[in-house]
Participant: 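Mind looking over this structure? Questions follow.
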Amino acid sequence: MSENIRDVLSELIDSYGINILEDPDRLSQFLEDRCALQAEEAFHLTFALRYLLKCGWRVNSARAVLDEEQEERLCQQLGFTAGQSKEVAALINGTVADKYEDERPAGEGFVATPGNLRRISGGISNRPRTMRMRKKSLYNGVILLAAMLVLGVLFFQIGSQRTPVGDELRIAFFAPMSGPEARLSHVQLRAAQLAVERINFQGPLREEYKLKVVGFDLPKDPAKAVASVKKAMKDKSFLVMMLGANNGNVAEIARLAESIEAPLIVISPTPPGEEELMDAALPYLYTFSLVNDAKARGKVLSYFATQALHKKKIALYYDSSDKLSEETYLSARKWAVGFGAKTVAELSYNGKKESGHTAAMRAIFESGADLLIIPGTGKDSAKIVSEARAAGFQETILGEGYTDKTYADAGEALKGSWWVNEVSALDPPIRSVLKEYRSLYNENCPPEDVMAAILAYDGVRWIAAALQSTPGFRGEAIRHTLLATKNLPLTHATLTIDPRSHMPLNKAMAVVYCAHDKGIFQRRIRVNKD
């Protein structure tokens, strides 16, 4: 077994704990990224761990260290050669042994040698060779009762598992269907249904199933939201959940998804915070996000500014009252330095109170910056760009979230500016989807809701791809398939899931350039290196 795998495995255990051995799917993702030249050896290790876990092996059990009998079983059941079996066993045993070596206090080692063990009175010779008939009957009764109990638990588990009904694979869509977010939620539900129509038109999944999405209203209050989801998910025909709009209850629904073992896909246009997706140091097993987080957005902004536009003196202007804008700014500042640029100005404003940006734009103009980055959702971008030009700043501006409304509000001031969008309505594949949206519902998708609509549309496509290839319909099987998503072509990007966070890994973003005033789609970009 290669020393490289030993070293990588040691690093993973230091970072994620010894129990990483009990999650072969996540472990295989890590090894695939870090041990590409030892792919066969990594496969042998994770293949063996899956088999051992199925047989009851646990890293904290008394038989965690593999013996010769278990090595031979690997040869018989998995087709390993004797050498491969010994290499895998040696790696597992070494890892487990290191774990116990680290946990055992100094001076507590004990070696069994003749004379240092306490004598057991009578030994095995005092054990009776037979039992009385009454004891035998009691013993047989206990065995029968235990067997019936095991069968009862087994049938209960089978009855509680999620399973398709008839020829339908069902998705439960949760979003606030009333209140301030209702319009956005209905747009997302319509886009999700459009994806269902298109998928079903192409033919049944697994050659026998149709896809179906059912929408449910999600209250704003966390306790009521959890109760509503729990009530809906009592219907075992719902295999996967989608969480749309900006409800603010991601963490509560994520914890519920863990308890009912139903995968949850977050498609809110505002990405969930890291703390909402994490259970202590690890992500919730059943929760995934389709949206780039603030860290990824800031990284892409700085990458494009330095590597594509070749700017070296950067100014940053962000909304301190908006969490996404502030976190994106922090990431962009960090990566700007990492990519070789210098931040010459860092200013903020309070989007809930302040109405003017003239003084800040004059300070940025005087800083000598050759690029201004405006991180955030783009709601104030048009006004900021207009005031920056009025203050004399004629250098390049790089913003987020360009829409037709940005052009309508800023006009000629946009000349020479660049924009990075998670989703752009100017992207040809997305324009095709929006055309189908209008054809199906006889109305246009609102420009400010295009991102939310496409995330819902691609969320359904992602789930459909998982249901098509999953080995079974239990929640655990589906979540393993979602976790293993790699290079899946969707409408707005190609999706790979990072097993460390359950969020997209280096997902591409759309670039829009305003040559004169109105934006023109250029291409999608992604960060190729860390």
Participant: Is the distance between the ring centroids of Tyr51 and Phe80 less than 6.0 Å?
Facilitator: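 No - the distance between ring centres of Tyr51 and Phe80 does not fall below the 6.0 Å cut-off.
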Participant: Between Ile497 and Leu505, which heavy-atom pair has the shortest distance, and what is it?
Facilitator: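 Looks like C-CB, 4.4 Å.
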Participant: Report the relative orientation of the aromatic rings in Trp419 and Tyr402; use parallel for angles under 30°, tilted for 30 to 60°, perpendicular for over 60°.
Facilitator: tilted
Participant: Cys445 and Leu434: which non-hydrogen atoms are nearest, and at how many Å?
Facilitator: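 Nearest heavy atoms, Cys445 then Leu434: CB-CD2, 4.0 Å.
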Participant: CZ/Arg526 to OG1/Thr496 distance, rounded to the nearest 0.5 angstrom?
Facilitator: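 Taking CZ in Arg526 and OG1 in Thr496, the distance rounds to 7.0 Å.
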Participant: Ile314 versus Thr306: any side-chain heavy-atom pair under 4.5 Å?
Facilitator: yes
Participant: Determine the minimum heavy-atom distance between Pro164 and Leu239, stating which atoms define it.
Facilitator: N-CD2, 4.3 Å
Participant: Relative to the ring of Phe473, is the ring of Tyr209 parallel (under 30°), tilted (30 to 60°) or perpendicular (over 60°)?
Facilitator: perpendicular
Participant: Check this for me: does any side-chain nitrogen of one of Asp293 and Lys295 sit under 4.0 Å from a carboxylate oxygen of the other?
Facilitator: no
Participant: Evaluate whether atom NZ of Lys312 has more than 12 neighbouring non-hydrogen atoms of other residues, nucleotides or ligands under 6.0 angstrom away.
Facilitator: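 More than 12 within 6.0 Å, yes.
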Participant: How about CZ on Arg431, more than 12 heavy atoms from neighbouring residues, nucleotides or ligands closer than 6.0 Å, or not?
Facilitator: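 Not buried by this count: 12 neighbours or fewer within 6.0 Å.
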Participant: Using 0.5 Å steps for rounding, measure from the CD1 atom of Ile397 to the CD1 atom of Ile384.
Facilitator: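 One finds 9.5 Å between CD1 of Ile397 and CD1 of Ile384.
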Participant: Check the surroundings of atom CD in Glu207: do more than 12 heavy atoms from other residues, nucleotides or ligands lie under 6.0 Å from it?
Facilitator: no
Participant: Is the ring pair Phe339/Tyr303 parallel, tilted or perpendicular, if the boundaries are 30 and 60 degrees?
Facilitator: perpendicular
Participant: Considering all heavy atoms of both residues, which atom of Pro269 and which atom of Leu184 are nearest to each other, and what is their separation?
Facilitator: CG-CD2, 4.1 Å
